[in-house]
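Counting starts at 1 for both ligands and their atoms, in listed order.
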Amino acid sequence: MRNVTVLAGGVGGARFTRGLLAHLATAAPDAAVTVIVNTGDDLWLDGLRICPDLDTVMYTLGGGINEEQGWGRPEETRRASSEIAAYGRGWSWFTLGDLDLATHIVRTDLLRSGSTLSEATEFLCRRWQPGVRLLPMSDHPIETHVCLAENIDEHAAGDYIHFEEWWVRYRARVAVTGFEQRGPADAVAAPGVLEAIQTADLIVLPPSNPVVSIGTILAVPGVRAALRSTTARVVGVSPIIGGAAVRGMADACLHTIGVETSALAVGLHYGSRSQGGVLDAWLVDETDAAALPALAAAGIRSAAAPLWMTDLPTTTAIAAAVLAL
Ligand code: FO1
């Protein structure tokens with residue numbers, strides 16, 4: 001087990017990877033882990049480039065995460081963002097803490113000086129030392145926008161708003177008719193991304209949001225094809241336990257694309273590599289063990305294990321179950 005590649009979104013992907021690193025430290029000490037991170041949540045705000053999922057993975061693995069929130073820094077203050085609000089600027093409902101702002105300022109400074117997002121991320125990781133190679137899915141901006149199905153506040157049905165406004169301001173409780181990736185037509189995978197998929201021994205799809213996190217990465221040109229052709233084993237971990245999203249509002253996203261909120265439905269949505277999909281195996285929670293025969297019938301090896309990531313030992317055990325599968 002030399003090279004492990006993880007396709008990750010924010011909180012779920014970061015917490016899983018922390019457990020994976022803990023497990024590999026004893027199970028395969030010389031393994032190298034690459035995390036390919038969703039950048040569909042990224043946005044320009046107050047003149048700064050915000051990269052929520054890259055920062056959540058970097059802070060979580062680097063020991064700087066606000067553990068309860070799963071994003072941002074602990075012991076935060078909001079002096080600068082309160083001043084921005086006093087000018088009537090910014091998003092009052094989107095917290096940019098003073099410590100977190102330093103990350104966005106340094107990243108934006110690097111980008112404006114000509115660095116790619118990959119280079120800026122590598123620079124920030126020199127401080128945080130996450131213990132993995134952290135790659136944005138693309139160096140091009142590919143932002144997720146959602147189409148509103150109803151009028152709300154200053155928005156009308158049919159309007160598109162940035163995913164973060166839907167997610168944070170409206171808590172995904174406003175009906176949307178679909179998601180759109182907004183990026184240049186020539187957007188490509190970031191350097192090293194396709195290679196990290198093609199040269200891995202194991203690829204893991206952690207319990208991140210299958211639509212707006214993993215799905216966004218799969219939509220990057222070449223990623224799906226690389227997953228389907230790699231000699232690596234591709235193992236996914238269900239983000240749905242007992243018919244409910246573990247965290248976040250994955251059920252709202254799945255509903256929008258017409259996928260039932262169940263471990264089975266998400267596994268079939270990703271699909272078996274033998275039938276045009278991207279999975280070799282799918283790990284479900286013990287409460288969803290009834291799905292195993294249907295998954296097997298669809299060509300997906302599967303197993304049931306406790307999937308609640310309550311602390312490091314439980315996430316380490318999940319990583320062990322993934323490697324066993
Ligand atoms: N999530 C919230 O629920 N409320 C916030 O105010 C908020 C601010 C924020 C600032 C920077 C950042 O990197 C992430 C932030 N998040 C916030 C989390 C973010 O919405 C999620 O981490 C991902 O976009 C979805 O996984």
task = Mark yes when over 12 heavy atoms from residues, nucleotides or ligands other than R89 sit less than 6.0 Å from its CZ; otherwise mark no.
result = no
Find all atoms of ligand 1 within a distance of less than 4.0 Å from any non-hydrogen atom belonging to [X], and give their numbers and elements.
{"X": "W93", "value": "6 (O)"}
{"X": "W167", "value": "20 (O), 25 (C)"}
{"X": "E164", "value": "19 (C), 20 (O), 23 (C), 24 (O)"}
{"X": "T95", "value": "5 (C), 6 (O), 8 (C), 9 (C), 10 (C)"}

Among all protein heavy atoms, pick out the one at the shortest distance from [atom]; state its residue, atom name and that distance to 0.1 Å.
{"atom": "atom 26 (O) of ligand 1", "value": "D53 OD1, 3.6 Å"}
{"atom": "atom 15 (C) of ligand 1", "value": "W71 CE3, 3.6 Å"}
{"atom": "atom 9 (C) of ligand 1", "value": "F94 CZ, 3.5 Å"}
{"atom": "atom 11 (C) of ligand 1", "value": "D100 OD2, 3.5 Å"}

Of the listed options ([options]), which comes nearest to [atom] when hydrogens are ignored and any heavy atom counts?
{"atom": "atom 3 (O) of ligand 1", "options": "R73, Q69, R171", "value": "R171"}
{"atom": "atom 13 (O) of ligand 1", "options": "A250, P52, G12", "value": "P52"}
{"atom": "atom 23 (C) of ligand 1", "options": "N66, L45, D41", "value": "D41"}

Charged N to carboxylate O under 4.0 angstrom, [X] versus [Y]?
{"X": "E150", "Y": "R173", "answer": "no"}
{"X": "D280", "Y": "R273", "answer": "yes"}
{"X": "R79", "Y": "E83", "answer": "no"}

query = For V212, is the nearest heavy atom under 4.0 Å from an atom of ligand 1?
reply = no
Do you know which two heavy atoms are closest between [X] and [Y], and how far apart they sit?
{"X": "V284", "Y": "L307", "result": "C-CD1, 3.5 Å"}
{"X": "A304", "Y": "A289", "result": "CB-CB, 4.0 Å"}
{"X": "I197", "Y": "I203", "result": "O-CD1, 3.4 Å"}

query = With a 4.5 Å heavy-atom cut-off, do L20 and V322 have their side chains touching?
reply = no
